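Worth saying up front: this structure is predicted, and the values here are computed from it rather than measured. Every number for a ligand or one of its atoms is a count from 1 in the order of the listing.
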Amino acid sequence: MVEEENPFNFSAYLANARKCVEDALDTSLGPERPEQLREAMRYSLLAGGKRLRPILCLAACELAEGDVEKAMPTAVALEMIHTMSLIHDDLPSMDNDDLRRGSPTNHKIFGEAVAILAGDALLTRAFEMVSIRTKGVPADRLLRVVGELSLVAGAPGLVGGQVVDLECEGKEVDLETLEYIHLHKTGALLKACVKCGALIGGADESLLSALSTYARGIGLAFQIIDDILDVTASSEVLGKTAGKDVIADKTTYPKLLGLEESRKRADELVMEAKTALDPWSSKAIPLLSLADYITNRDR
Ligand code: GRG
């Protein structure tokens, strides 16, 4: 049998990317004062997690043939926005959760006021990472990245999705509304990750457009898998409270479509996402593998 030359080793790729991201996250927070705020910011930012968003950003930069080192502050910024959204999502006034990434939620340790403020500080630090701490990237590209972050963190993105989600609590929700919520709460940030990485790498409009299609597919697939895992996985494995959707009587893909059909829909969406990157063939292998990882994950 002829061995394939240099087959792509996704586990090694993921482990290496995670290590680089963890190191960058660790050095991203300065000597914040007061100490309590610094502790609260570090507590959630360095609490583990899959680091999918920064890795998507770096992989997209690589696909655009950019220097991934230059995209690292933006990758960190995206993880900061993700982390702050988790801190706020877990608050008693929102999802009211006690467990996140296998540990007590931020407000359980630091109290609600500091948790809100740690989230605020991470959000503003994200903009600092791009505008002040990125070196060697043309200003026009950074301006577009700042624009993407403003949109995704605001009403057109995470905040808008969260408000519709809160409004829908305890109500019957149709598939269209469910998709609206997920495209805004989850999909928008994944899209921003690949767009920002590609922008830093100097991508042209055709790559940016293909990446948007890719991100839409993986964004919805990601959420379908999240809904499935809420039903099928344990809190121990997930690192967050399992079965919450059922307890809160939330509308989910499994509730609307059933488990089997939901799984099928996720597979179709991942296929659509991957097809969008066909023109880039083997250069897109990291992003293609990340799309598969999203549907095959167990947490
Ligand atoms: C951004 C200003 C601003 C406010 C936030 C609270 C809020 C508004 C939005 C909620 C967004 C939210 C929590 C969406 C859910 C996203 C999601 C599927 C999270 C889980 O992502 P994983 O599995 O988590 O990648 P890890 O822990 O691996 O990083």
Side-chain angles (χ1 to χ4, degrees), residues 14 17-18 21-22 25 43-57 75-97 99-103 105-107 112 115-127 148-169 178 180-193 215 218-230 233 235 237-242 244-245 250 252-253 266 290-291 293-299:
L14 203 56
R18 271 194 188 133
V21 168
E22 290 297 339
L25 289 169
Y43 178 78
S44 289
L45 190 66
L46 303 182
K50 295 180 285 298
R51 309 310 193 191
L52 193 56
R53 292 154 189 83
I55 295 172
L56 282 169
C57 171
V76 165
L78 289 153
E79 187 67 14
M80 285 175 168
I81 293 176
H82 171 54
T83 301
M84 77 73 61
S85 80
L86 299 179
I87 297 174
H88 283 198
D89 191 55
D90 290 334
L91 289 169
S93 56
M94 301 224 194
D95 240 20
N96 192 21
D97 221 320
L99 190 65
R100 173 68 70 178
R101 291 171 166 172
S103 299
T105 43
N106 198 291
H107 65 271
E112 221 177 310
I116 293 169
L117 293 165
D120 294 343
L122 284 170
L123 177 62
T124 44
R125 174 57 61 87
F127 285 91
E148 289 292 331
L149 296 190
S150 321
L151 291 171
V152 77
L158 289 164
V159 174
Q162 180 77 347
V163 171
V164 176
D165 196 13
L166 292 173
E167 276 174 2
C168 288
E169 250 174 42
L178 187 66
Y180 178 93
I181 293 170
H182 295 323
L183 282 173
H184 289 77
K185 275 189 70 173
T186 306
L189 189 53
L190 298 182
K191 188 183 282 188
C193 291
I218 63 161
L220 280 178
F222 183 95
Q223 194 56 54
I224 296 175
I225 299 300
D226 228 51
D227 286 358
I228 293 175
L229 289 174
D230 186 74
S235 300
V237 171
L238 290 180
K240 61 181 181 180
T241 316
K244 266 209 94 177
D245 296 343
K250 265 196 148 180
T252 62
Y253 284 91
L290 283 161
Y293 168 73
I294 281 171
T295 36
N296 296 329
R297 72 199 166 98
D298 65 354
R299 64 199 67 206

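- Heavy-atom proximity to L123, at under 4.0 Å, picks out these atoms of ligand 1: 2 (C).
- With D227 contributing its side chain and T252 its backbone, the two residues share no donor-acceptor pair below 3.5 Å.
- When only interatomic distances are considered, the shortest N/O to N/O separation between R53 and ligand 1 falls below 3.5 Å.
- Atom CD1 of I87 is separated from atom CG of L117 by 10.5 Å, given to the nearest 0.5 angstrom.
- Between T186 and ligand 1, no N or O atom pair is found at a separation short of 3.5 Å.
- Of all atoms in ligand 1, numbered sequentially from 1 with element shown, those under 4.0 Å from a heavy atom of Q223 are 18 (C).
- H82 places no side-chain N or O within 3.5 Å of a backbone atom of L78 that could act as its donor or acceptor partner.
- To the nearest 0.5 Å, atom SG of residue C193 and atom CG of residue L149 are 9.0 Å apart.
- Residue H82 places at least one N or O, backbone or side chain, under 3.5 Å from an N or O of ligand 1.
- Taking a cut-off of under 4.0 Å to the non-hydrogen atoms of R101, the atoms of ligand 1 that pass are 26 (P), 27 (O), 29 (O).
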**Request:** For R53 and L189, run side chain to side chain contact (heavy atoms under 4.5 Å, CB included): C-alpha distance rounded to whole Å, both residues' side-chain angles, the deciding distance at 0.1 Å, then the answer.
**Result:** CA-CA 8 Å; R53 292 154 189 83; L189 189 53; 3.7 Å; yes
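- Looking at L91, D89, I225 and measuring to atom 13 (C) of ligand 1, the nearest heavy atom belongs to D89.
- At a 4.0 Å heavy-atom cut-off, ligand 1 does not touch L189 at all.
- Close approach to V159 involves these atoms of ligand 1, each under 4.0 Å from a residue heavy atom: 2 (C), 3 (C), 4 (C).
- Contacts of K185 with ligand 1, taken as heavy-atom pairs under 4.0 Å, involve both backbone and side chain.
- Remark: ligand 1 and K50 share an N or O pair separated by less than 3.5 Å (distance only, no angle test).
- Remark: of the listed residues T83, N106, D95, D90, D90 is the sole one forming a side-chain hydrogen bond (donor to acceptor under 3.5 Å, both in side chains) with R100.
- Side-chain contact between Q162 and H184 is absent, with no heavy-atom pair separated by less than 4.5 Å.
- For D165 and K250, the salt-bridge test passes: some basic side-chain N is under 4.0 Å from an acidic carboxylate O.
- Using a 4.0 Å heavy-atom cutoff, L52 is absent from the residues neighbouring ligand 1.
- Heavy-atom proximity to atom 5 (C) of ligand 1, evaluated over S44, S85, A155, P54, is greatest for S85.
- Here L178 contributes atom CG and L183 contributes atom CG; the two are 9.5 Å apart, rounded to the nearest 0.5 Å.
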